[in-house]
Amino acid sequence: MPELPEVETVVRDLRPLLVDRRFVAIRTSGQSLRAQWEKTWEAQLLGSLVRAIRRRGKWILIDLEPAGLLVLHLGMTGQLTVVSTATAVENHVHLTFDLDTGDQQLRFRDIRRFGSATYHQDEQEWITQNPERLGPEPFDMEARYFREKLAKTDRSLKAILLDQSVVAGVGNIYADESLYTAKLDPRRRGRDLQKTEADRLRKAIVTVLTRAIKYRGSTIRNYVGGSGLKGGYQDEFLVYGRTEKPCYRCKTPIECIRLAGRSTHFCPACQLPEARR
DNA sequence: ACAGGATCCTGGGGGC
DNA sequence: TGCCCCCAGGATCCTG
């Protein structure tokens, strides 16, 4: 589910609701998430003050005082919200943190349980333990770095964009939207891109993600922001989910294929290299 | 090195 | 109404 724009929206929504709050009680569903929740973490978390909440790729990091870091990943169907204690508890709520406001709680709901929540001493410990090596944030990614990454691999552009160690935060929707915006065929090999094409793709990623954040991300099924609001970018998709519908640029029907194990939407005409168009 | 498939889960939609 | 199959914003592991 949630990719960078959705996670960023959650973090922005939660910031005013969580920062300077303390966790005064913790409850778990007992159902396992992607990573096992350790009961011993609860003693560390209880009474802790939330100093900051931030995003890294698709990960949510909550900095605690006097020490510690709560790290969450929303997987495909995760929802992290602050709601009134009076709000009926939905099914699939796996973690609940009561806040010291007395009438609010942080809830982690995840239908498919592909998400995770873990506690770490500090960020370094998380980075060391996390098998996923995260690449740069798309907004900070240097042109040269990206060109060189592309030049070194035979993988498809789609597979490269989905690889969190190349660039952090892009997922299936925004990979397709970025490739469409950059007019690049998702099946092209990284190595085959011209410099100008690589730069175009890097800029397209930034453009697409920035715009999606403005719309508070995309809600297709389950995604909601930190206060329960749905996203709006699903109505702005240029290519994702538009199978068989006419391309907005050239009217050619949008194609959907499987690539890098994921459904991939693209215009078979205007995403071709110039030479073959 | 890379592609593809299976896996972890639940739920919704379509076809019959 | 029910059943079966396929699909889904992610990531990882295994095979060839």
Side-chain angles (χ1 to χ4, degrees), chain A residues 1-11 29-37 55-60 71-80 90-94 108-118 129-135 138 149-179 186-192 205 208-209 211-213 215-225 230-244 256-265:
Chain A
M1 93 60 66
E3 306 180 32
L4 186 151
E6 291 76 31
V7 178
E8 179 65 24
T9 301
V10 168
V11 165
S29 69
Q31 283 201 290
S32 67
L33 294 166
R34 184 155 229 298
Q36 187 58 46
W37 176 263
R55 179 192 59 74
R56 175 78 176 94
K58 299 174 193 171
W59 296 86
I60 296 167
V71 179
L72 301 112
H73 195 293
L74 302 180
M76 288 282 257
T77 53
Q79 301 175 338
L80 190 65
E90 316 91 313
N91 50 0
H92 307 297
V93 172
H94 301 298
F108 183 46
R109 174 171 192 245
D110 187 357
I111 298 165
R112 289 174 73 183
R113 289 190 277 136
F114 290 172
S116 70
T118 51
Q129 278 185 20
N130 187 12
E132 191 181 54
R133 289 276 161 269
L134 289 177
K149 273 282 180 191
L150 290 170
K152 264 188 281 192
T153 181
D154 289 326
R155 302 166 79 193
S156 67
L157 296 180
K158 179 66 181 263
I160 296 167
L161 292 188
L162 291 177
D163 184 344
Q164 302 299 296
S165 74
V166 173
V167 53
V170 178
N172 204 37
I173 292 177
Y174 300 108
D176 284 5
E177 292 292 313
S178 298
L179 288 162
R187 299 164 293 189
R188 294 268 301 277
R189 311 282 125 187
R191 200 186 289 288
D192 297 339
I205 295 168
V208 165
L209 294 177
R211 190 144 175 274
I213 291 171
Y215 282 82
R216 299 179 45 83
S218 312
T219 295
I220 296 175
R221 267 168 289 272
N222 305 291
Y223 166 74
V224 293
K230 292 181 178 181
Y233 197 69
Q234 64 282 358
D235 299 329
E236 304 296 315
F237 291 161
L238 298 176
V239 69
Y240 183 84
R242 299 198 65 248
T243 312
E244 307 286 308
C256 181
I257 59 169
R258 282 205 89 80
L259 189 56
R262 313 294 297 277
S263 66
T264 299
H265 312 76

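Below, each value reflects all heavy atoms present in this structure, side chains not excepted, and no hydrogens, waters or symmetry copies. Residue numbers begin at 1 in each chain, while the letters A, B, ... track the order of the sequences.
For A:D192 and B:dC2, the CG to P distance is 12 Å, given to the nearest whole Å. Atom-to-atom, CD1 of A:I111 to P of B:dG12 comes out at 8 Å; the value is rounded to the nearest Å. Per the geometry, CG belonging to A:N222 stands 18 Å off P belonging to C:dC7, to the nearest Å. Rounded to whole angstrom, the span from the CG atom of A:L72 across to the P atom of C:dG10 amounts to 17 Å. Whole-Å rounding puts the A:E6 CD to C:dA8 C1' distance at 14 Å. Summarising the geometry, the separation between NZ on A:K152 and C1' on B:dC2 is reported as 16 Å, rounded to the nearest angstrom.
Nearest to the side-chain atoms of A:Q31 among the listed nucleotides C:dA8, B:dT10, C:dG10 stands B:dT10. Checked against B:dC2, C:dG10, C:dA8, the side chain of A:R221 finds its nearest nucleotide in C:dA8. Closest to the side chain of A:H92, from the set C:dA11, B:dA3, B:dT10, is B:dT10. Out of C:dG10, B:dC2, C:dA8, the shortest distance to the side chain of A:S263 is found at C:dA8. Closest approach to the A:R258 side chain among B:dG11, C:dG10, C:dA8 is made by C:dA8 (side chain taken as heavy atoms from C-beta onward). When each of B:dC2, C:dA11, B:dC9 is scored by its nearest atom to the side-chain atoms of A:T153, the top-ranked nucleotide is B:dC2. If you check C:dG10, B:dC9, B:dC2 against the side chain of A:D154, the one that comes closest is B:dC2.
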*Can you give the dot-bracket line for DNA chain B, using ( ) for pairs inside the strand, [ ] for pairs that cross earlier ones, | for pairs with another strand and . for unpaired bases, where Watson-Crick and G-U count if both distances are under 3.5 Å?*
.|||||||.|||||||
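For the pair A:F114 and C:dG10, the ring geometry qualifies as stacking, because the centroid separation is below 5.5 Å while the planes lie within an angle under 30°.
For C:dC3 and B:dC8, the P atoms lie 23 Å apart once the distance is rounded to whole Å. With both ends at atom P, the span from C:dC6 to B:dG5 equals 14 Å, rounded to whole Å. Comparing the P positions of B:dC9 and C:dG2 gives a spacing of 26 Å, expressed to the nearest Å.
Within the nucleic acid shown, A:R191 has no heavy atom closer than 4.0 Å to any nucleic acid atom. Using a 4.0 Å heavy-atom distance criterion, A:R155 is classed as a sugar-phosphate-only contact. Here A:Y174 lies out of heavy-atom contact (under 4.0 Å) with every strand. Across all strands, A:G171 comes closer than 4.0 Å only to sugar-phosphate atoms, never to a base (heavy-atom distances). Using a 4.0 Å heavy-atom criterion, one finds that A:T219 contacts the bases of the nucleic acid, with or without backbone contacts as well. Using a 4.0 Å heavy-atom criterion, one finds that A:I220 contacts the bases of the nucleic acid, with or without backbone contacts as well.
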*Would you please test A:R189 and A:D154 for salt bridge (charged side-chain N to carboxylate O under 4.0 Å, His left out) and show each step?*
CA-CA 5 Å; A:R189 311 282 125 187; A:D154 289 326; over 6 Å; no
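Between A:H265 and A:Y240, the gap from one ring centroid to the other is short of 6.0 Å.
Mapping A:L162 and A:R112 onto DNA chain C via the closest heavy atom, the residue that lands nearer the 5' end is A:R112.
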